[in-house]
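Each chain gets a letter, A, B and so on, in the order its sequence line appears, and its residues count up from 1.
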Amino acid sequence: MPELPEVETVARSIAGIVGRRIVSAEFTCLRILRGKPDRMSADLAGRRIRGIRRRGKFIVIDLDKGHCFVVHLGMTGKLLLGGTRSRHTHAIVNLDRGVLLFEDQRQFGRLEVSQGLPARVEKLGPEPLEVTIAEFAARLKRRSARIKAILLDQHFVRGMGNIYADEALFRAGIHPLAIGARLRPERVKRLHRAMVEVLTQAIEKGGSSISDYVDAEGRRGFFQFEHRVYQRTGDPCVTCGSPIRRILVAQRGTHFCPKCQRR
DNA sequence: ATCGGTACCTGCACGC
DNA sequence: TGCGTGCAGGTACCGA
C-alpha cells in the first residue's frame, strides 16, 4: 500500500499516542521482525512514547533514552488503533490507554526496536518535499539509470513509490525510460515541481486507497481518484486522449502516456 | 557506488 | 468448480 503520502497519513493518525506508555508488546510472526520477539517485547515494555515521525516510508516511534520503535509497512502493512484481531495481526502493543496493532497480509512489512535510528534508515536519500531543486539536479546528474527506476531508489529520494513515480513523470511530461543524467535542466525542474505537487496533493487527500489501505483510524484515502496514469492502462489520457500504456521498468508495472511523455 | 534482476509472501482476477 | 497464470503500494541481496 504505502508510499510517502500514505505513510505520512498513518503517522499523523497515530500522533495521539505520544505521551502514552507501552505496557507490553506481543509479536506473533517472526518473519516481519528484525530482532527476537522476546527481546523486542522486553525493550518496549515500560517505555514512554516521546514522538512520532516519518522518514521516507519508515514510521519512527521515538521512546525514552533514544530508543526507537521503527515500523515499515511494506506492501500491505497497517498500523491500527484498536479494532478486532485478524489472522494477519502480527503485533499487539498494549498502551496505558488503548492498543496499537500491526497487520500485514503479505508480510513484507518490518518491525524493529533500536537505539537511535538503524543505519539502514539513517542513510536514505533526502526527503522529496525538502530537497532543493539544486540538490535534486546535482544528484540526478550522477545517475545513468532510467528515471523511473531512479525515483523508486530510496537512496535517491526517500518515500517515492510506484504510484507517485508514475504520476510525477506524467505531470512532468517525461518518459519513464528517459536516462536520469541526460534530462535537460528545464525537464529536471518540471520533475522536481511535479514530484512536490503530487506528493503534497496526495497527503491532503489522505493518500491513495487502491485496495484496502486505511490509516490507523480505518479511514481510506481519496487520491486514487486523482490518478492520471497509474493503473489506467488502455484508458484515454486526460490530456490528449491517447490510450495509457503499461510497460515494465525495474520489474515494476509502469504507466504512461506515449504521446505526452517524451524521452 | 550503481545497476538490473531475483526472492520473499498472500490473495485476487482472469481465462480455460 | 477448479486450476494455472499474472499481478499487487515494498526492500534486501546478488553478481556484474
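Under the 3.5 Å distance criterion, the side-chain polar atoms of A:T28 are matched with a main-chain donor or acceptor of A:H90. Judged by distance alone, the side chain of A:E167 and the main-chain N or O of A:R228 form a donor-acceptor pair under 3.5 Å.
Looking at the side chain of A:R106, the nearest of the listed nucleotides C:dA8, C:dT11, B:dC3 is C:dA8. When the nucleotides C:dT11, B:dG11, C:dA8 are ranked by their closest atom to the side chain of A:K57, C:dT11 comes out on top. The side chain of A:S144 approaches B:dC3 more closely than any other nucleotide in the set C:dG9, C:dC7, B:dC3. Nearest nucleotide to the side chain of A:Q107, out of B:dT10, C:dG9, C:dT11: B:dT10.
Comparing C:dG9 with B:dC3, their C1' atoms are spaced 23 Å from each other, to the whole Å.
Where pairing requires Watson-Crick or G-U contacts shorter than 3.5 Å, the helical stems of DNA chain C with at least three consecutive pairs are B:2-8 with C:10-16, B:10-16 with C:2-8.
Comparing A:R34 and A:Y230 by the nucleotide of DNA chain C that holds the closest heavy atom to each, the one mapping nearer the 5' end is A:Y230. Along DNA chain B, the nucleotide nearest A:I150 and the nucleotide nearest A:Q251 are compared for position; the residue whose nucleotide lies closer to the 5' end is A:I150. Comparing A:H155 and A:A250 by the nucleotide of DNA chain B that holds the closest heavy atom to each, the one mapping nearer the 5' end is A:H155.
Contacts of A:R50 classified as side chain to side chain donor-acceptor pair (under 3.5 Å), with partners at least two apart in sequence or in another chain: A:D64. A:R158 is linked by a side chain to side chain donor-acceptor pair (under 3.5 Å) to A:E127, counting only residues two or more places apart in sequence or in another chain. Under the rule for a ring pair (Phe, Tyr, Trp, His ring centres under 6.0 Å), the partners of A:F156 that lie at least two apart in sequence or sit in another chain are A:F136. Evaluation of the side-chain contact (heavy atoms from CB on, under 4.5 Å) rule for A:T84 yields no partner, not counting sequence neighbours. Residues passing the ring pair (Phe, Tyr, Trp, His ring centres under 6.0 Å) test with A:H72, sequence neighbours excluded: A:F58. The ring pair (Phe, Tyr, Trp, His ring centres under 6.0 Å) test applied to A:Y230 returns A:H227, A:H255, not counting sequence neighbours. A:H175 meets the ring pair (Phe, Tyr, Trp, His ring centres under 6.0 Å) test with A:F256; sequence neighbours excluded.
Side-chain contact between A:R143 and A:D153 is present, with heavy atoms from C-beta onward closer than 4.5 Å.
Here A:H88 lies in heavy-atom contact (under 4.0 Å) with sugar-phosphate atoms only. Across all strands shown, A:T233 has no heavy atoms under 4.0 Å from either base or sugar-phosphate atoms. As judged by a 4.0 angstrom heavy-atom cut-off over every strand, A:A145 is placed among residues touching the sugar-phosphate backbone only.
Atom CD1 in A:I32 sits roughly 14 Å away from atom C1' in C:dG10 (whole-Å rounding). The interatomic distance linking A:K148 (NZ) with B:dG4 (P) rounds to 13 Å, in whole Å. When the P atom of B:dC8 is taken as reference, atom CD of A:Q105 falls 19 Å away, rounded to whole Å. Taking atom OH of residue A:Y213 and atom P of nucleotide B:dC12, one finds them 21 Å apart after rounding to whole Å. Regarding A:I210, its CD1 atom lies at a distance of 10 Å from the C1' atom of C:dA8, rounded to whole Å. The CG atom of A:N162 sits 11 Å away from the P atom of C:dT11 (whole-angstrom rounding). Taking atom CG of residue A:L73 and atom C1' of nucleotide B:dC8, one finds them 17 Å apart after rounding to whole Å. Atom-to-atom, CG of A:L4 to P of C:dG10 comes out at 11 Å; the value is rounded to the nearest Å.
Put simply, A:F108 rests on the base of B:dC8: the two rings are less than 5.5 Å apart at their centres and nearly parallel, under 30°.
Within the structure, the side-chain hydrogen bond (donor to acceptor under 3.5 Å, both in side chains) test picks out no pair touching residues 190-205 of chain A (sequence neighbours left out).
At C:dA8, one or more side-chain N or O atoms of A:R246 fall inside 4.0 Å of OP1 or OP2 (strictly under the cut-off). Put simply, A:R87 has no side-chain N or O that comes within less than 4.0 Å of OP1 or OP2 on B:dT10. Listed pair A:R252 / C:dG10 meets the phosphate criterion, a side-chain N or O lying under 4.0 Å from OP1 or OP2.
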Checklist line | Stepwise side chain to side chain donor-acceptor pair (under 3.5 Å) check, A:Y213 with A:E3 | finding: CA-CA 11 Å; A:Y213 157 73; A:E3 305 180 29; over 6 Å; no

Donor-acceptor pairs under 3.5 angstrom involving side-chain atoms of residues 238-254 of chain A: please list them, not counting sequence neighbours.
unit_1: A:T254; atom_1: OG1; unit_2: A:K148; atom_2: NZ; d: 2.8
unit_1: A:T254; atom_1: OG1; unit_2: A:R252; atom_2: O; d: 3.0

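Applying a 4.0 Å cut-off to non-hydrogen atoms, the residues of residues 128-143 of chain A that approach DNA chain B are A:R143, listed by residue number. Contact check of residues 165-174 of chain A against DNA chain C (heavy atom, cut-off under 4.0 Å) returns no residues at all.
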